[in-house]
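Contents: one structure, followed by commentary.
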Amino acid sequence: MDLGLPAPVPDPDLPAEVRIHEVGPRDGLQNESGLVPVEVKAEFIARLAAAGLRTVEATSFVHPKWVPQLADAEDLVPRLADLPARHPGLRLPVLVPNERGLDRALVHGVGDIAVFASATETFARRNLNRSADEAMAMFEPVVRRATEAGLRVRGYLSMCFGDPWEGPVPPEQVIGFGVRLLEMGCEELSLGDTIGVATPGQVGALLDGFARAGVPAGRLAVHFHDTYGQALSNTLAALRAGITTVDASAGGLGGCPYAKSATGNLATEDLVWMLHGLGIRTGVDLRALVEASAWMADRLGRPSPSRTVQALAGGRA
């Protein structure tokens, strides 16, 4: 890093700039076995914003019974109120599972929300306790009310490549649910490889399918897990298909509490190292980001799984 590494070699076939949708404080910390103090979460988010990340998913207004690690959402969000003024352009989206969650988010004046759907029936029933179609019906009033209130809405679609109970997921099934989320008013659709089984060929095929369905790449994001070490390869395939928004988790935190085979998310530091090496702008200070993740790893009492954090922070990671 101090020697000018990674050496950037731009590829004219790739985007000039990528927006990183940081999910560590929500998708990362929700899978922790212990509860992280709210002041630690607030400091973590502040450090991520200071590192140049301009979209940091802060928390979820889900019922505490289902995700106790995020039960402090009402306490956390007010602690972040000054961050957008300190970091112009910063967005702090929150996940809402239903209308009750939206009501709680609106009380705190959030500007961005996300809903979380499933491309498979089994995961919908295990995660949302209802069928995939019933979940879609539940989200319709949430998205409508949010857009009417002037909020930006993101749709997450999980199990887009493989399901631990159902196996490979047909692309047309994913595209069908994804188009429904976009048509109901979601501004952006994040395609999730929830258990990390995707390969670059699958990624390209699915994105080609969305293009044929009339969905431009600018309305799509990708969300990869690194279970089989394919997250960066899959990301590169998505970039070649025109994707410019990539989800990642600082320090490689996270998984999915409802899918036990889901290991950590793509580490934001590893993503930034690759993107900067390709000459792609991110606006992120990699050194500051590594410091933030090393700081959180110390609070969690274990090393960060991010290879870049390990390389640049050494024993402090």
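Counting from 1, the numbers follow the sequence of the chain as shown.
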Polar contact flag, side-chain donor to acceptor under 3.5 angstrom, [X]-[Y]:
X      : Y      : answer
His21  : Ser190 : no
Arg19  : Thr244 : no
Thr122 : Glu166 : yes
Glu22  : Thr268 : yes
Asn265 : His225 : yes
Ser293 : Glu269 : yes
His223 : Asp27  : yes

Ignoring hydrogens and angles, tell me if any N or O in the side chain of [X] forms a donor-acceptor pair with the backbone of [Y] under 3.5 Å.
X      : Y      : result
Ser249 : Gly252 : no
Arg86  : Pro84  : no
Glu134 : Ser131 : yes
Gln310 : Ser304 : yes
Arg54  : Arg91  : no
Gln173 : Ala119 : yes

Answer whether the closest heavy-atom distance between the side chains of [X] and [Y] falls below 4.5 Å.
X      : Y      : result
Asn127 : Trp66  : no
Gln230 : Val197 : no
Leu207 : Leu191 : yes
Leu266 : Val246 : yes
Leu239 : Pro15  : yes
Pro8   : Leu278 : no
Val18  : Thr245 : no
Met184 : Arg144 : no

Salt-bridge present ([X], [Y]; N to O < 4.0 Å):
X      : Y      : answer
Arg126 : Asp163 : no
Glu74  : Arg79  : no
Arg47  : Glu43  : yes
Arg302 : Glu32  : yes
Arg154 : Glu187 : no
Asp208 : Arg212 : no

Check against side chain to side chain contact (heavy atoms under 4.5 Å, CB included), Met136 and Arg180: CA-CA 8 Å; Met136 286 289 174; Arg180 287 172 66 179; 3.4 Å; yes

Measure the spacing between [atom1] of [X] and [atom2] of [Y] and express it to the nearest 0.5 Å.
X      : Y      : atom1 : atom2 : value
Leu220 : Ile243 : CG    : CD1   : 4.5 Å
Thr282 : Ile280 : OG1   : CD1   : 9.5 Å
Asp247 : Asp193 : CG    : CG    : 12.0 Å
Asn234 : Phe224 : CG    : CZ    : 4.5 Å
Arg125 : Thr120 : CZ    : OG1   : 11.0 Å
Leu95  : Ile113 : CG    : CD1   : 8.5 Å

Thr59 and Leu92: CA distance, side-chain angles, deciding distance, side chain to side chain contact (heavy atoms under 4.5 Å, CB included) verdict: CA-CA 9 Å; Thr59 187; Leu92 297 167; over 6 Å; no

Side chain to side chain contact (heavy atoms under 4.5 Å, CB included) evaluation trace for Val153 with Asp112: CA-CA 6 Å; Val153 183; Asp112 292 73; over 6 Å; no

Minimum heavy-atom distance [X]-[Y], with the two atoms named:
X      : Y      : answer
Ala292 : Phe44  : O-CE1, 3.9 Å
Ser158 : Thr194 : CB-OG1, 3.3 Å
Gly251 : Pro305 : O-CD, 3.0 Å
Ala241 : Ala217 : O-CB, 4.0 Å
Gln69  : Leu35  : CA-CD2, 3.6 Å
Phe139 : Val115 : CD2-CB, 3.9 Å

Verify same cluster id: Trp165, Phe116 (apolar side-chain graph, 4.5 Å): yes

Leu5 reachable from Leu271 in the ILVMFWY side-chain graph, under 4.5 Å edges: yes

Evaluation steps, salt bridge (charged side-chain N to carboxylate O under 4.0 Å, His left out), between Arg307 and Asp270: CA-CA 7 Å; Arg307 297 295 184 88; Asp270 298 354; over 6 Å; no

Other residues, nucleotides, ligands: >12 heavy atoms within 6.0 Å of Asn129 CG: no

Partner of Phe177 under side-chain contact (heavy atoms from CB on, under 4.5 Å), chosen from Leu189, Leu157, Val169: Leu157

side-chain contact (heavy atoms from CB on, under 4.5 Å), paired with His108, selected from Leu76, Val77, Leu80: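 Result for side-chain contact (heavy atoms from CB on, under 4.5 Å) with His108: Val77.
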
Check against side chain to side chain contact (heavy atoms under 4.5 Å, CB included), Thr308 and Leu289: CA-CA 10 Å; Thr308 302; Leu289 177 60; over 6 Å; no

Steps toward salt bridge (charged side-chain N to carboxylate O under 4.0 Å, His left out) verdict (Asp75, Lys41): CA-CA 11 Å; Asp75 191 5; Lys41 294 179 181 178; over 6 Å; no

Geometric cation-pi criterion, Arg26 with Phe61: 6.0 Å, 45°: no

